[in-house]
Number of protein chains: 4
Amino acid sequence: MKKNKPKYKQIIDAAVEVIAENGYHASQVSKIAKKAGVADGTIYLYFKNKEDILVSLFQEKMGQFVERIKEDIEKKDNASDKLYSLIQMHFRQLAENHNLAIVTQLELRQSNKDLRLKINDVLKGYLGIVDEILKEGIEEGLYHPEINIKLVRQMIFGTLDEVVTNWVMKEQRYNLVSQTKDVHHFITNGLIK
Amino acid sequence: MKKNKPKYKQIIDAAVEVIAENGYHASQVSKIAKKAGVADGTIYLYFKNKEDILVSLFQEKMGQFVERIKEDIEKKDNASDKLYSLIQMHFRQLAENHNLAIVTQLELRQSNKDLRLKINDVLKGYLGIVDEILKEGIEEGLYHPEINIKLVRQMIFGTLDEVVTNWVMKEQRYNLVSQTKDVHHFITNGLIK
Amino acid sequence: MKKNKPKYKQIIDAAVEVIAENGYHASQVSKIAKKAGVADGTIYLYFKNKEDILVSLFQEKMGQFVERIKEDIEKKDNASDKLYSLIQMHFRQLAENHNLAIVTQLELRQSNKDLRLKINDVLKGYLGIVDEILKEGIEEGLYHPEINIKLVRQMIFGTLDEVVTNWVMKEQRYNLVSQTKDVHHFITNGLIK
Amino acid sequence: MKKNKPKYKQIIDAAVEVIAENGYHASQVSKIAKKAGVADGTIYLYFKNKEDILVSLFQEKMGQFVERIKEDIEKKDNASDKLYSLIQMHFRQLAENHNLAIVTQLELRQSNKDLRLKINDVLKGYLGIVDEILKEGIEEGLYHPEINIKLVRQMIFGTLDEVVTNWVMKEQRYNLVSQTKDVHHFITNGLIK
DNA sequence: AATGAATGAGATTTCATTCAT
DNA sequence: AATGAATGAAATCTCATTCAT
C-alpha cells in the first residue's frame, strides 16, 4: 500500500512546509516535488492529482490529530474533564505545529468547495468525539438533556476553530493553550453569572 | 462618487449572482460583465481590478448587514434581548439572501490572504457590536464580569459563523432562523443544566 | 482648414510633451487629450486616428525644421558653407528643443513600418536640400564629380542622425552644436590625412 | 546550458522568420511557437519572457555577425583594407540573410527603450572593431591623427546603418554589397575631389 | 519506480475609438 | 463643436499533468 511507502509521507510533509511558507496559491506541484526531493512526475505515482495531495494531507494529519485526542480523552472519567481535555489537545497540537496550524486554519480554506466537502468528511471523526462527550454529559446529569446535539457540536467546533484561526492570524503571538480554561468555561456555562 | 452610480451596484449584484452560481474560481470578469449587462471594459471604470470587485462587494453587503443589525438592536433595552436580536438578524439576513450566504460563507473564503485581511477589516464593525452587548450585559449584572471580552466575541462569531456555514453546506434545507433560540441559549447558558 | 485652428497645434504640442515624458508606448490618446485640455473625443475631430497625430506631429515639426534650414542656407554662397550651415542648423534645432529631439530620435522610431514610411516622405524635403548642396558643390568643382548622389545623401543623413541619436541617448550631457566642425570635416574630407 | 539545446536556436530562428514576415507587433508568442514546432509553454522553458526572445535573438545573431567581421579583418594587414572588409562584411551578411536584415533594421527598432539599451550593449562589440581600425589607421599615418574617434565611429556606424536601412526599405531591389566601394570612398575621402 | 521536458488551455486588463447627448 | 462613458478585441504567461526514456 502506497501510504506506507516513505515517499508518500515525504511528499505530504513537503506539502505542509511549502504551503505554510508560500501560501496555498503559490504552492505549485513542482515546488512540493522539489522540497520532497523527488521529480514532478513521481508525485503522480503516489497521488492522483494535486487535490489528492491536499486531501491526503488533511486525512493523514487530522487522523493523527483526532487519534491523539481520543487517546487523551479515554483517560478522563467524566464529560467535563473530557471536554476540557478535547479543547486542550485541540489547541496544544496546533500550537506545537505552527506550519500545520497555518495550513489547516488559513491556507487549506482557500481550496474549492469539492475539496472542502472532502475535508468535512475527515472532520466527522472529530465531531463524533464531541457527540460522545455531549451524550455522556447528559447521562451524567451534567449537561442539559434537551440540547440539540447536532447543533451544539457545530457550535463547539465553530468556537474552537475561530479561536485557533484568530491566534494564527495574529501570527501566534500569544499562548493558545492557556486559553483552554476560559474557552471551557464559556462552552460549559455560557455568558451568565 | 462612483459608488452612487447605478452601474456600480449593478456590477456588484451581478458578481454575487455569478459567484453563487459558478463558484469563486469559475467567476471570470467576462461572466460578471455579461450578467451585469455591460462590456468587460466597463467593469474597470468602476473597479480597479477583479479583487476590488470582491472587496467592494463584501464592504457594500456586509456594511448593510452590520447596519441593519445595529438598527434592530437599538430597539432592545437589555443585553440578552440584544444578543438574541443579533443572532436572529445575522441568521435572517443570510437566510433571506441565499446567494449572498453562499458567497460570504463559502466562495469568498477561497480568496487569498490579502483579500481576507480586507474582509477582516469589515468584520471589525460586527465584532464591535458584540463587544457593546457584552459590556452592557456585564453592567446589567447579567453576564459574568470576568469574561475575556476579546476571546468571547471570537467564540460568539465562530459559533454563529459555523452554524450558518453548515446550513449553507447542507444546501439550506432547513430553517436557519428557527435555530436562533437554541443558539442564544447555548451562548448564554452553555451546556450545563 | 483644421490645421489652422488653435486646438490642432495644441494637441500636437501636447503629444510631443506626453511622448517625451512617458515614452511612445505609454502615451495613450487620453493622456494627450488631458495634457491638451480637451476631451478624448475631441482629438478625433482634428485627427483621423492616433497614427494621424504622430504623422501630423512629424510633418508639422519637420516642416518647420526643414524650412529653417532652407532659410539659413540661402544666405550662404558656396556648397561648403551651406553644408556647414545644414549640419549646424540640424544640430541646433534639436539641441534647442529637447522634447522634440527625444520624440524624433527615440520614441517615434518605435512606430510601425507604415508610420515610418510616411515619416520618410517628410524626410524627402530634407534630402532634397542635401541633393542641392551636393550638386552645387560638384558644379563649383569642390566635390568629386562622380559621387553617387543618392547614396551620399543617405550617408550624410545617417551620419547626422546617428550623432544626434547618440547625444539624446547620452541624455544630452554634452554640447551637440559644437560637434558641427568635426562632423563637417568628416563629411568633407573623410578620414584621410 | 540552455543555449546549446537545439530548441533554443530553433525558437530564435522561428522568431526571425515570424517577425520578418509579420512585423514586430503582429508577432505573437503563439506564432513563434507554431513556426518553431513547439508548444507555447515550451518557449518559456528557454526564455524568461517575450522580450528575452528578442534580446537573445539580437545577441545570438549580432554576436555571429561581429565575430565573422573580426575573422575577416584579421586577414587584412592595413587599416584601409580592414575598413573595406568591415563594410563589405557588414553589407554581405545582411544581404545574405534578408529576414535578419528586416528584423534588425526595421522591426527590432520598434521595441521599447529598455530593449534598445540591451541592443546597444551588443553593438559595443561592433564599435570596438571600428575603434581598432581607426587607431591602426592613425598609427599607419593613413588617417588624420586628430580625428575624434568616439564621434567618428558613430558617424561610420550611422553611415553604414542608414545605407542598409534604405536598401531594406527599398525592399532590397538592388545590390547592397556592390555599394561597398563607394561607401568606403566616402568614409575615407569624404566629398572632396 | 523514477524522471523531467514538453504540453496547451485559459483569463485579466488595456486602450483606441465611437456616439448619444 | 465638444464631451466622456462605454465598448470589446486581443495576447502573455502559468502550471497541472503526461509520457517517452
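Numbers restart at 1 for each chain; the letters A, B, ... are given by sequence-line order, proteins then strands.
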Could you report the tightest heavy-atom contact between [X] and [Y], atom names first, then the distance?
X: E17(B); Y: K35(B); result: OE1-NZ, 3.6 Å
X: I32(D); Y: I11(D); result: CG2-O, 3.9 Å
X: L108(C); Y: F58(C); result: CD2-CD1, 3.5 Å
X: S27(A); Y: N22(A); result: OG-CB, 4.1 Å
X: Y8(C); Y: E60(C); result: CE2-OE1, 3.7 Å

### Query
With a 3.5 Å cut-off and no angle check, do the side chains of N99(B) and E21(B) form a donor-acceptor pair?
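No pair is found: no donor N or O on one side chain lies under 3.5 Å from an acceptor on the other.
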### Query
Cut-off 3.5 Å, side chains only: do Q59(C) and D121(C) have a donor facing an acceptor?
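Checked: Q59(C)/D121(C) side chains show no N/O donor-acceptor pair below 3.5 Å.
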### Message
Between D40(C) and K31(C) (salt bridge meaning N to carboxylate O under 4.0 Å), is one present in this structure?
### Response
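Looking at D40(C) and K31(C), the cut-off is not met.
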### Basic-acidic side-chain contact under 4.0 Å: K118(B), D52(B)
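Between D52(B) and K118(B) there is no salt bridge, as every charged N stays at least 4.0 Å from the carboxylate O atoms.
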Rounded interatomic separation in angstrom, taking [atom1] from [X] and [atom2] from [N]:
X: D40(D); N: dT14(F); atom1: CG; atom2: P; result: 13 Å
X: H25(D); N: dC15(E); atom1: NE2; atom2: P; result: 13 Å
X: Y46(D); N: dA5(E); atom1: OH; atom2: P; result: 8 Å
X: N22(C); N: dC15(E); atom1: CG; atom2: P; result: 11 Å
X: D52(A); N: dT17(F); atom1: CG; atom2: C1'; result: 14 Å
X: N49(D); N: dT12(F); atom1: CG; atom2: P; result: 11 Å
X: K48(D); N: dT12(F); atom1: NZ; atom2: C1'; result: 15 Å
X: I11(C); N: dA2(F); atom1: CD1; atom2: C1'; result: 11 Å

### Message
Both distances below 3.5 Å, Watson-Crick or wobble geometry, any strand: find the nucleotide opposite dA1(E).
### Response
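WC or wobble partner does not exist here.
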### Query
In Watson-Crick or G-U wobble terms, both distances under 3.5 Å, what is the partner of dA9(F)?
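dA9(F) is paired with dT14(E).
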Quick test: give all pairs of protein nitrogen or oxygen and nucleotides 19-21 of chain F nitrogen or oxygen below 3.5 Å, distance rounded to 0.1 Å.
none

### Query
For the side chain of L45(A), counting heavy atoms from C-beta on, which of dT3(E), dA9(E), dT12(E) is nearest?
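Nucleotide nearest to L45(A)'s side chain: dT3(E).
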### Task
Return the residues of residues 27-39 of chain C meeting this criterion: a heavy atom under 4.0 Å from some atom of DNA chain E. Order them by number, or give none.
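Nucleic-acid contacts, sorted: Q28(C), V29(C).
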### Message
If you compare every side-chain N and O of K7(D) against the phosphate oxygens of dA6(E) (OP1, OP2), does one of them come in below 4.0 Å?
### Response
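For dA6(E), OP1 or OP2 has a side-chain N or O of K7(D) closer than 4.0 Å.
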#### Entry: Whichever of T42(A) and A26(B) has its nearest DNA chain E nucleotide further upstream toward 5'
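Between the two, 5'-proximity favours T42(A).
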